[in-house]
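The structure under discussion appears below in the form of structure tokens.
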There are 2 protein chains.
Amino acid sequence: MRYQDGYKDQKRRELLKAAGAAAKKKGFAATGVDALAEAAGVTSGAVYAHFGSKAGLLDAVIVNEMERSRARWSRNPERSVETWAAEEVARYLSRAHIDHPESGCLMPALAADVARAAAPTRQVFEDQLKQAQREIAERLGEKDKAWQFLSQIVGAMVLARAVVSDDVQDEILAASRDAVTG
Amino acid sequence: MRYQDGYKDQKRRELLKAAGAAAKKKGFAATGVDALAEAAGVTSGAVYAHFGSKAGLLDAVIVNEMERSRARWSRNPERSVETWAAEEVARYLSRAHIDHPESGCLMPALAADVARAAAPTRQVFEDQLKQAQREIAERLGEKDKAWQFLSQIVGAMVLARAVVSDDVQDEILAASRDAVTG
DNA sequence: GTCTATATATTGATAGAC
DNA sequence: GTCTATCAATATATAGAC
């Protein structure tokens, strides 16, 4: 029983990771359950066995992705507020993050999908976002600063990904880095 | 000929407006061509006659929506930079804008769809975005300030729409208003 | 220019075998 | 728990009538 539970949980984690990456890359609404499952090497039946519905899968993806993101923020030891912010922002507002949404933050990739989801899904996201905001506020000192910080970096990534040229992408990221660190 | 051209152009505008509203509300990738056309009281045949493909429709929607947005920014006479920014931001970062994406800005609603579109579509968006940035930079003085301004308000709207509770939505918008005006 | 009808593919979800 | 097979619905796109 213990062994089976562990196996199920592990498979669930694999599915979540692969489906999350596929959703961030292609869009959640735009990607079928078959494709989401195939990304993890299983079929749609496995998705419904684990999550019940496509919406249920999105809820789980949100929790999984946001927790992973928070773990990354925290992993960086804070020598000072300035260096912490500068380092994290350099990682977030980078060309690598523009080019690889599948391994990046959920928010710029899927927030629009979440906005169109039903209330329970938005509640799941809200809980995760508030937790992120709290942890950033602890570092930056003020509550409002954290919201401004989050809006700034998410907005910059959303806009940078929507344009074609490297030059404009770089302009947007550079300006935004200045806004949150300088 | 002149009359027919005028009629065609008018129908095209009607279609663009209705399809744009439907896309902003439900998502572009998530909405079928039939539904996009039905929003304008026509069928999918009309869409293909005017725009050739679903992608062609998105290109036209981007131009139409971004031009309308710029026209609104400009309509407000600038008595001073501060009052202009404060007024426009109050309109943008408002509950009405959260609740009615169909009549709001294209960017928070569709930038993620644009980011996943082919290069020509992203080029169309880039041209429009640069124009918007230029006009805002003229008012704010600095180029970078305009990018920061745009990233801030788009990011705030994206996040505010993705959460459920009015309280958190208000927190996000209030903080963001402070960032760009205060 | 717009309609209806249609073609082919894919959607979210379920049933039953194993 | 995961598979294959399958359901009705919908996807993008085209063809031909008017």
Side-chain angles (χ1 to χ4, degrees), chain A residues 1-20 22-23 25-62 64 110 112-114 116-118 120-121, chain B residues 1-20 22-23 25-62 64 110 112-114 116-118 120-121:
Chain A
M1 203 57 170
R2 172 122 324 175
Y3 175 78
Q4 284 182 359
D5 281 5
Y7 178 78
K8 181 178 176 182
D9 283 2
Q10 192 203 325
K11 268 291 167 197
R12 197 189 119 106
R13 271 192 296 274
E14 287 177 21
L15 224 177
L16 269 185
K17 188 175 177 181
K25 184 168 190 177
K26 300 283 189 182
F28 185 78
T31 310
V33 178
D34 281 357
L36 260 5
E38 196 186 359
V42 294
T43 62
S44 63
V47 169
Y48 286 97
H50 276 288
F51 307 104
S53 67
K54 197 190 185 189
L57 172 59
L58 178 55
D59 295 352
V61 164
I62 291 169
N64 186 54
L110 296 184
D113 280 283
V114 174
R116 292 179 186 112
T121 296
Chain B
M1 202 58 168
R2 172 116 332 171
Y3 175 78
Q4 284 182 358
D5 280 6
Y7 177 77
K8 182 180 175 180
D9 283 1
Q10 192 202 326
K11 268 290 167 197
R12 197 189 120 106
R13 272 192 296 275
E14 287 176 19
L15 223 177
L16 269 184
K17 188 175 176 181
K25 184 167 189 177
K26 300 283 188 182
F28 185 77
T31 310
V33 178
D34 281 356
L36 260 5
E38 195 186 0
V42 294
T43 62
S44 63
V47 169
Y48 286 98
H50 277 288
F51 306 104
S53 67
K54 197 191 184 188
L57 172 60
L58 177 55
D59 295 351
V61 164
I62 290 169
N64 186 54
L110 297 185
D113 280 285
V114 174
R116 293 178 186 113
T121 296

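By convention in this document, chain letters (A, B, ...) are assigned in the order of the sequence lines, proteins followed by strands, and residues within each chain are numbered from 1.
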- Tell me which nucleotide among C:dA13, C:dT2, D:dT14 gets nearest to the side chain of B:A49. C:dT2

- Item | Whole angstrom value for the distance that separates P of C:dG1 from NE2 of B:H50 | 7 Å

- Message: Between P on C:dG12 and CG on A:L36, what's the gap in Å once rounded to a whole number?
- Response: 8 Å

- Task: Mind calculating the distance between CD (A:Q10) and C1' (D:dG1) to the nearest angstrom?
- Result: 14 Å

- Query: Looking at CG of A:L16 and CG of A:N64, how far apart are the two atoms once the value is rounded to the nearest 0.5 Å?
  - Reply: 5.0 Å

- Item | Distance, rounded to the nearest Å, where B:L58 contributes CG and D:dT12 contributes P | 12 Å

- Query: Would you say D:dC3 has OP1 or OP2 under 4.0 Å from some side-chain N or O of A:T43?
  - Reply: yes

- Query: Just how far, in rounded Å, is C1' of C:dT8 from CG of B:D34?
  - Reply: 15 Å

- Query: Should A:D34 and A:V47 count as side-chain neighbours, where that means a heavy-atom distance under 4.5 Å?
  - Reply: no

- Query: Counting distance only, does the side-chain N/O of A:K26 pair as donor-acceptor with the main-chain N or O of A:L36 below 3.5 Å?
  - Reply: no

- Message: Counting only side-chain heavy atoms from C-beta out, which of C:dG12, C:dC3, D:dA13 sits nearest to B:V42?
- Response: C:dC3

- Item | Pair B:K17 + B:E14, salt bridge at N-O below 4.0 Å | no

- Task: Could you tell me the separation between the CG atom of B:L15 and the P atom of C:dT2, rounded to a whole number of Å?
- Result: 7 Å

- Looking only at side-chain atoms of B:K54, point me to the closest of D:dA13, D:dG1, C:dG12. D:dA13

- Between C:dA5 (C1') and B:Y48 (OH): distance, integer Å: 15 Å

- Query: From the list C:dA13, D:dC3, D:dA13, which nucleotide is the closest neighbour of the side chain of A:A46?
  - Reply: D:dC3

- Task: Rounded to the nearest angstrom, tell me the gap between atom CD in A:E38 and atom P in C:dG12.
- Result: 14 Å

